[in-house]
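This report concerns only the one structure given below.
Note: hydrogens, waters and symmetry copies are ignored here, and every other heavy atom, side chains too, is used.
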Amino acid sequence: QLAAAVRAERDRLLAVNVDSINPVRYAAMSKAQHVKLGAYRQALLDVTKQSGFPHDIIFPTLEG
């Protein structure tokens, strides 16, 4: 159940912070912003690979 809750939160963060970006807004982003967003997306996908999953995980932030 805890693993499912962590995955649900990960999916929510992906939906809100990555998948919902308007294509026009994405096109207006710089290459550096694309790289940062891609790294953030991958870090969210990798949450389940953290050694403490599902009990001790750290969600990445878009800021760093």
Between Q50 and D56, what is the shortest heavy-atom contact and its length? OE1-O, 4.2 Å
Heavy-atom pair of closest approach, residues V47 and P60: CG2-CD, 3.9 Å
Hydrophobic cluster membership, with links at side-chain heavy-atom distances under 4.5 Å among I/L/V/M/F/W/Y: are L44 and V35 in one? no
For Q42 and D46, which I'm curious about, is there any donor-acceptor pair between the side chains at under 3.5 Å? yes
Write down the atom of V18, the atom of R41, and the distance for their closest heavy-atom approach. CG1-CD, 3.8 Å
Using modelled atom types only, decide if a donor and an acceptor are shared between the side chain of Q33 and the backbone of S30 within a distance under 3.5 Å. yes
Hey, does the side chain of H55 reach the backbone of A3 with a donor-acceptor pair shorter than 3.5 angstrom? no
With a 4.5 Å cut-off on side-chain heavy atoms, are Y40 and E63 touching? no
Verify the neighbour count for atom CD1 of I58: are there more than 12 heavy atoms of other residues, nucleotides or ligands below 6.0 Å? no
With rounding to the nearest 0.5 Å, note down the distance linking CG in L45 to CZ in R10. 6.0 Å
Could you check L37 against I21 for side chain to side chain contact (heavy atoms under 4.5 Å, CB included), going step by step and ending with a plain yes or no? CA-CA 10 Å; L37 187 63; I21 293 178; 3.3 Å; yes
Tell me the closest heavy-atom pair linking N17 and S20, and the distance in Å. N-OG, 4.4 Å
Do you know the tightest heavy-atom contact between L13 and F59? CD1-CD2, 3.7 Å
Could you state whether M29 and L62 fall into the same hydrophobic cluster, counting links through intermediate Ile, Leu, Val, Met, Phe, Trp or Tyr residues with side-chain heavy atoms under 4.5 angstrom apart? yes
Kindly indicate, with the supporting measurements, whether the criterion side chain to side chain contact (heavy atoms under 4.5 Å, CB included) is fulfilled by I57 and V6. CA-CA 9 Å; I57 54 106; V6 170; 4.0 Å; yes
